[in-house]
Amino acid sequence: MLDIKWIRSNIDEVRTFLANRNNDLDLSPLLAMDEEKRALLSETEELKARRNEGSKKVGMAKAKGEDAAGVMEEMRAIGEKIKEIDLRIAEIDAALDDMLLSIPNRPHDSVPVGRDENDNREVRRWGEPKAFSFEPKPHWDLGEALGIMDFEKGASLAQSRFTVLKGKGARLERALTNFMLDLHTVKHGYLEVEPPFMVNSKTMQGTGQLPKFAEDLYKCEGEDLWLIPTAEVPLTNMHAGEILEEDQLPLYLTAYTPCFRREAGAYGRDVRGMLRQHQFDKVEMVKIATPETSYAELERMTDNAEEVLRTLNIPFRTICLCTGDMGFGASKTYDIEVWLPSQDKYREISSCSNCEDFQARRMNTRYRPKSGGRPRFVHTLNGSGIAVGRTLIAVLENYQREDGSIEVPEALIPYMGGLREIR
RNA sequence: GGAGAGGUGGCCGAGUGGUCGAAGGCGAUUGACUCGAAAUCAAUUGGGCGGCUUGCCGUCCCGUGGGUUCAAAUCCCACCCUCUCCGCCA
C-alpha cells in the first residue's frame with residue numbers, strides 16, 4: 001500500500017509508474033474521495049469537539065444538582081449530525097481502502113522500464129552449461145524411469161499438477177531442504193522458523209495476496225483460513241502491528257514450508273513434470289530492515305540464494321525484472337534462473353524482492369529510529385532460498401548420466417546418508 | 001465441542017456511566033547528587049488521523065466490530081483470543 005499523502009502530492013509520478021507496469025487504473029476517483037473525506041473529517045471533528053464540551057458541562061451541572069435539559073437536547077442534535085457524517089466517512093474509507101489496496105508498489109529508480117519479460121535485464125551468469133555427449137532427458141523421464149517420481153499417482157490421489165516422490169526421490173527432496181536450511185541458518189545468520197501453513201485474511205492482506213489475488217489461493221471452506229502460497233506470508237507478517245527498535249534490525253528469517261497455488265491462468269503452461277505444481281516445497285528468506293540498508297540487504301539476500309546453486313554447482317543466471325514484469329508488491333526484483341538442459345533454457349528458481357514499505361504499511365510494522373522521532377515503516381524483503389522442487393529437477397537434469405542414473409552433488413552426499421548416486 | 005474465568009499503555013496493575021489517554025508500581029530516558037547510570041531525589045515517558053500560523057489545536061484509540069446515552073474503559077449484543085476443568089486427539 002502506498003501512502004495516500006504521498007500519492008496526493010506525487011500524482012504524476014504515480015500515473016507514470018502505473019503506465020510502466022501496464023496498469024490502467026484511473027486515479028481520479030481516489031483523489032476525489034480523499035478530498036471529500038478530509039473535508040468531512042474537519043466537519044465531524046469540530047462537531048465532536050463541541051459535543052465533548054457540552055457533555056462536560058452536563059456532567060458538571062448534574063454534579064451541582066442543576067438542570068441540563070437544554071444542553072442535552074442541543075447535544076443530541078449534534079450527535080445525529082455526527083452519526084450521519086461518520087457514516088458517510090466510513091463509506092468513503094471502505095472505498096478508499098479498496099482502491100489503495102489495489103495500487104501496486106512503486107518501482108525503484110534502478111529498475112529497467114519495460115513491457116514484459118523480454119525487457120528484463122540480465123545482471124550476471126554463473127557456471128557453464130554442461131556439454132552432454134548424449135541427448136539430456138527431461139526430469140519426468142528420468143524420475144519415472146528411476147521409480148522416484150509418480151505423476152499418475154499424484155493425479156489420482158489429488159489432481160493434475162500434483163506429484164508423488166518416492167524412495168530416493170523423496171529423500172533427495174528432504175536432503176535439499178535440510179541443506180538449504182543449514183546453509184542459511186549456520187552460514188548466513190537467518191533465524192529458522194516453522195510457521196503455520198495456513199493464515200487468516202488479515203495476514204494475507206499484509207503481504208499483498210489479498211484482496212486482489214484471491215483466485216490464486218486455496219481457501220478453507222467455512223473458515224477464515226487460506227493455504228499459504230509462500231512462506232513469505234507468515235514470515236513477513238511475524239512482526240505485523242509492532243514497533244521494533246532500530247537495534248533489532250535487520251531481522252533475518254528463514255523457513256521451509258510447502259506452498260499451495262491454484263495456478264489459475266497457467267493453463268497449458270509447463271503441464272508435464274513437476275515444474276509447475278499446486279503444491280511445492282520452498283525454503284524462503286525474509287528480511288526486515290531499515291530504509292537505509294534495504295537495497296544492500298537485497299543484494300546480499302540474492303547472493304544467499306545464488307550460493308545454494310553455486311554450492312550445488314549448477315549453472316544459473318540472475319536477471320533484474322523490468323517494470324512490466326515485476327510482481328504487485330515489489331519495488332525491485334531479481335529472479336534467479338537455473339539451467340535446465342532438457343529445455344536448453346534457464347528457468348526461474350528464485351525470486352528476491354525488496355518491497356520497501358509497501359507491505360509494512362499494510363501490516364503496520366514500524367521501527368523507532370535510534371536518533372529519536374516518530375516511528376517509521378520498515379522495509380521488507382523476501383526471496384526464495386530456493387524452490388526445493390525445482391532444485392530437485394535441476395539436480396536430476398544437470399547431474400544425469402547417459403544410463404539414466406543420477407550423480408549426487410558433492411554437497412548433498414552427507415544429506416543423502418552417504419549415497420553418491422541414484423539408480 | 002461443553003462449563004467457568006479473563007483480555008486496560010513496553011510490562012504489572014487500579015478503575016463498573018461524567019474534566020480518564022486513563023491512579024500506582026516496574027522499566028526506560030534526562031537532570032541533580034556522586035570518583036562512579038550503586039543508592040536517592042526530580043522531570044519526562046504510547047500511537048493514528050485532520051487542520052493550519054510546524055508549533056500548536058482538534059479528534060480517535062482501554063481485544064475487535066456494532067449498539068444504548070448529552071456523555072462509555074465502565075452498560076448491551078456479536079465475534080476473536082488467553083487461562084482452568086471436562087471431552088476428543090498426534
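In the text below, chain A, chain B and the rest are named by the order of the sequence lines, each starting its count at 1.
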Ring pair (Phe, Tyr, Trp, His ring centres under 6.0 Å) for A:Tyr295 and A:His108? Distances and angles first, verdict last. CA-CA 10 Å; A:Tyr295 278 94; A:His108 189 255; 4.0 Å; yes
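Distance, A:Arg50 CZ to B:rG58 P: 16 Å, rounded to whole Å. Atom-to-atom, CD of A:Glu245 to C1' of B:rU29 comes out at 12 Å; the value is rounded to the nearest Å. Whole-Å rounding puts the A:Ile85 CD1 to B:rG50 P distance at 17 Å. Regarding A:Glu66, its CD atom lies at a distance of 18 Å from the P atom of B:rG18, rounded to whole Å. A:Met33 has its CE atom 18 Å from the C1' atom of B:rG50, to the nearest Å. Across the protein-nucleic acid pair, A:Leu40 atom CG and B:rC60 atom C1' stand 16 Å apart, rounded to whole Å.
Checking A:Met60 against A:Arg38, the closest nucleotide of RNA chain B that is more toward the 5' end is the one next to A:Met60.
Using cut-offs of 30° and 60° for the angle between ring planes, the A:Tyr190 and A:Tyr252 rings count as tilted.
Atom name C1', nucleotides B:rG13 and B:rC62: the rounded distance is 13 Å, in whole Å. The C1' atoms of B:rG63 and B:rU8 are separated by 10 Å, rounded to the nearest whole Å. Here the separation of B:rG17 from B:rG10, taken at their P atoms, is 27 Å to the nearest Å. For the C1' atoms, the distance from B:rC11 to B:rU45 is 14 Å, rounded to whole Å. Between B:rA22 and B:rG9, the two P atoms lie 14 Å apart (nearest whole Å). The same atom, C1', is picked in B:rG18 and in B:rU74; the two are 11 Å apart, to the nearest Å.
Checked for salt-bridge contact, A:Glu263 and A:Arg276 meet the test: a charged N lies under 4.0 Å from a carboxylate O.
Evaluation of the salt bridge (charged side-chain N to carboxylate O under 4.0 Å, His left out) test over residues 373-401 of chain A, restricted to residues two or more places apart or in two chains, returns A:Glu292-A:Arg376, A:Arg401-A:Glu421.
With the 3.5 Å cutoff on both pairing distances, Watson-Crick and G-U pairs in RNA chain B assemble into runs of at least 3 at B:1-7 with B:80-86, B:10-12 with B:24-26, B:27-32 with B:40-45, B:46-52 with B:55-61, B:63-67 with B:75-79.
Between A:Ile148 and A:Arg171, every side-chain heavy-atom pair lies at or beyond the 4.5 Å cut-off. Using a 4.5 Å heavy-atom cutoff, the side chains of A:Leu157 and A:Val164 are in contact.
Considering all non-hydrogen atoms of both residues, A:Asn237 and A:Gly206 come closest at OD1-CA, 3.9 Å. In terms of heavy-atom proximity, A:Lys332 sits nearest to A:Ser110 at NZ-OG, 2.8 Å. Shortest non-hydrogen contact noted between A:Gly273 and A:Trp140 is CA-CE3, 3.6 Å.
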Hey, what are the protein-to-nucleotides 80-83 of chain B N/O distances that come in under 3.5 Å?
none

Find every protein N or O atom lying less than 3.5 Å from an N or O atom of nucleotides 65-71 of chain B, and list the pairs.
unit_1 : atom_1 : unit_2  : atom_2 : d
B:rU68 : OP2    : A:Lys83 : NZ     : 3.2
B:rC70 : OP1    : A:Arg76 : NH2    : 2.8
B:rC70 : OP2    : A:Arg76 : NH1    : 3.1
B:rC70 : O4'    : A:Met72 : O      : 3.2
B:rC70 : O2'    : A:Ser55 : OG     : 3.1
B:rA71 : OP1    : A:Arg51 : NH1    : 3.3
B:rA71 : O4'    : A:Ser55 : OG     : 3.1

When you compare the protein's N or O atoms with those of nucleotides 47-49 of chain B, which come within less than 3.5 Å of each other, and at what distance?
unit_1 : atom_1 : unit_2   : atom_2 : d
B:rG47 : OP1    : A:Arg368 : NH1    : 3.0
B:rG47 : O3'    : A:Arg366 : NH1    : 2.8
B:rG48 : OP1    : A:Arg366 : NH1    : 3.1

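To the nearest 0.5 Å, atoms CD1 (A:Ile7) and CD (A:Glu13) are separated by 11.0 Å.
Partner of A:Ser353 under the side chain to side chain donor-acceptor pair (under 3.5 Å) criterion, chosen from A:Asn382, A:Thr333, A:Asp335: A:Thr333.
Relative to the ring axis of A:Trp339, A:Arg347 does not place its NZ or CZ within 45° and under 6.0 Å from the centre.
Two rings, from A:Phe358 and A:Phe328, have their centers less than 6.0 Å apart.
Take A:Thr323 and apply the side-chain hydrogen bond (donor to acceptor under 3.5 Å, both in side chains) test, not counting sequence neighbours, and it matches no residue.
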